[in-house]
Amino acid sequence: VGSETVTLKVDKDIDQASLTNAAAVVSQPTIVGGGQSLFDITGLVVTDSDNQGGDYTVTLQVAGGLMNIDSAVSGGLTAGDITGDGTDTIVLTGSLSAINATLAGSGALQYDLNGQVGASDNLTITIVDDGGINGFPRTVTDTQAVIFDYIDNTANVVTNPEFGDGTYWSEAVAPTSVHRAIIPGGTGAIHLDTGTYTVGQMEVGNAFSLNGGSLTINDDADLTGSGYYQLLGGNLIVDGVMSGSTGRLYLSTGTLTGAGSIVVGQMFLNGASGTMTVSDIDITLQSGVSSVSNAGTKTIDGSAITVLGGFDFLAGQSGFSLDNAASITVASGGTLGLQDNDGINAGIGGGSVNILAGATLSRTITAGETDIDVPVNIDGTVYVQAGALVLAGGGTLAGVVSVASGAVLELGGTDPFTIDGSVNFSGAGTTLISADVTIDSAASILAGHTFDIASGATVTINATAGTFDNSGVISGDGTLVLD
């Protein structure tokens with residue numbers, strides 16, 4: 001019996017659908033307002049997990065505007081790899097690295113409003129990849145919202161249809177959370193009177209006045225040039241960062257709040273009536289002199305105000321209070337100037353005033369009395385030029401005290417004070433002690449100064465760490481104790 005080898009050949013159809021080719025992915029773009037009609041589109045990156053180095057085709061298309069693209073980005077595409085520059089459809093062809101290099105170039109991809117005012121557009125991105133590991137091209141289409149609000153008031157005539165009668169923001173075409181609202185520099189002011197709106201980003205180069213209603217800015221808000229926000233009513237909610245070194249806030253009535261922060265040049269709390277509340281948002285005042293004025297109620301509720309320049313409480317001011325652990329901190333070189341006879345009141349939960357080393361707390365009004373009813377922490381200088389400055393909330397002193405002739409600095413109220421740094425009491429005026437004071441470091445009464453301990457008050461010198469050097473006058477019916 002012989003042997004025989006039999007070969008059986010089986011034909012099997014290959015199902016191309018069973019082979020994989022990972023889809024290319026595009027990131028969400030970011031829109032940056034670069035001028036009055038051109039916007040940079042940044043952050044576009046195309047990735048593909050099985051990129052084999054072949055050419056990709058990326059088509060960018062918008063409906064209302066035009067796009068410009070740079071063909072000279074280092075490491076990017078050349079002019080021969082790009083079609084449609086300056087039109088509504090741009091096609092990029094090349095390696096993934098070259099395409100991404102072009103898209104990442106500074107100002108390389110721009111959206112042109114093309115004469116639109118108040119543009120809402122979509123950016124459609126179509127990617128044909130290089131066939132992946134198995135040679136089967138895969139096409140992916142993604143549509144990203146690219147929505148703009150552009151407000152043209154440079155000629156003092158607002159033609160934007162979003163502003164109904166040419167002045168007021170119309171409810172008919174409202175901004176949304178993905179809009180970037182831009183008010184460029186000019187002489188026209190934009191008003192919002194009613195309605196509730198949310199805008200993604202907002203850039204103000206002139207004036208935006210909130211007279212009523214509610215506006216939420218859920219991303220960054222930029223103040224450019226002499227731009228400012230004015231609150232005459234309603235609610236302004238800042239959930240991003242509002243910034244502008246020369247920008248201003250005018251706060252009369254309404255509420256300013258949010259989960260973000262504010263860094264501006266100046267702030268003016270100037271309500272003559274009604275209530276202005278700044279709640280749970282921190283504010284840094286960078287330059288110039290900010291102020292509090294008029295007789296309206298002004299409440300800082302849980303917010304921290306940092307002063308790098310000046311912050312003046314003007315004559316006639318009243319109704320200012322710190323609530324719920326709110327604070328005013330004056331940094332080195334800054335000044336908190338009290339020119340009024342009302343001062344800083346303690347609301348529910350109180351607050352604090354902090355004068356850092358190199359900063360100054362001053363009272364310059366010629367008559368009357370100004371009270372600070374919250375705790376103070378003073379490492380800088382206290383200067384009383386005239387009248388009386390009453391610190392009535394307790395706290396710490398560790399700086400320089402200068403009281404001019406005829407003027408009075410009073411450490412009063414029911415809460416105690418601690419001198420925990422070297423303090424010189426100077427000037428020809430008087431420091432009146434009507435609250436209990438503990439000296440834990442060095443206190444010096446310089447020649448010509450009067451240190452008056454009122455009846456019922458006790459000044460305790462810590463025998464271990466405290467010293468009390470008197471070259472001036474100690475008077476009063478109170479008690480001086482060496483403990």
Run Asn270 and Ser252 through side-chain hydrogen bond (donor to acceptor under 3.5 Å, both in side chains) and show every step you take.
CA-CA 5 Å; Asn270 57 1; Ser252 297; 2.7 Å; yes
Checking side chain to side chain contact (heavy atoms under 4.5 Å, CB included) between Leu361 and each of Leu389, Val401, Thr381, which is the one that passes?
Leu389
Tyr250 meets the side chain to side chain donor-acceptor pair (under 3.5 Å) criterion, sequence neighbours left out, with Arg248
Note, Met267 side chain near Leu251 side chain (heavy atom, < 4.5 Å)
yes
Any heavy-atom pair between the side chains of Lys298 and Thr277 that's under 4.5 Å?
no
Using modelled atom types and a 3.5 Å cut-off, is there a donor and acceptor pairing between side-chain atoms of Thr370 and backbone atoms of Asp340?
yes
Interatomic spacing from CZ in Phe313 to OG in Ser291 - rounded to 0.5 Å
9.5 Å
Could you state the interatomic distance from CG (Leu231) to CG (Asn211), rounded to the nearest 0.5 Å?
9.0 Å
Could you pull out all donor-acceptor pairs under 3.5 Å where a side-chain atom in residues 322-331 meets a protein atom, sequence neighbours excluded?
unit_1	atom_1	unit_2	atom_2	d
Asp323	OD1	Gly347	N	3.2
Asn324	ND2	Asp301	OD1	2.6
Thr329	OG1	Asn354	ND2	3.1

At their closest point, which heavy atom of Ser290 faces which heavy atom of Gln266, and how far apart are they?
OG-CA, 3.3 Å
Criterion side chain to side chain contact (heavy atoms under 4.5 Å, CB included) against Phe451, the qualifying member of Leu446, Thr430, Thr431:
Thr431
Leu109 side, atom CG; Ile41 side, atom CD1 - distance, nearest 0.5 Å:
4.5 Å
In Å, rounded to the nearest 0.5 Å, how long is the span from NE2 of His449 to OG of Ser444?
11.5 Å
Does a side-chain heavy-atom distance below 4.5 Å link Thr255 with Ile237?
no
State, with a plain yes or no, whether a side-chain heavy atom of Asn462 is found less than 4.5 Å away from one of Phe468.
no
If you round to the nearest 0.5 Å, how far is CG of Asp379 from CG of Leu397?
9.0 Å
For Ser279, give me all partners under side chain to side chain donor-acceptor pair (under 3.5 Å), at least two apart in sequence or on another chain.
none
Report yes if the side chains of Leu256 and Ile283 come closer than 4.5 Å at any heavy-atom pair, otherwise no.
yes
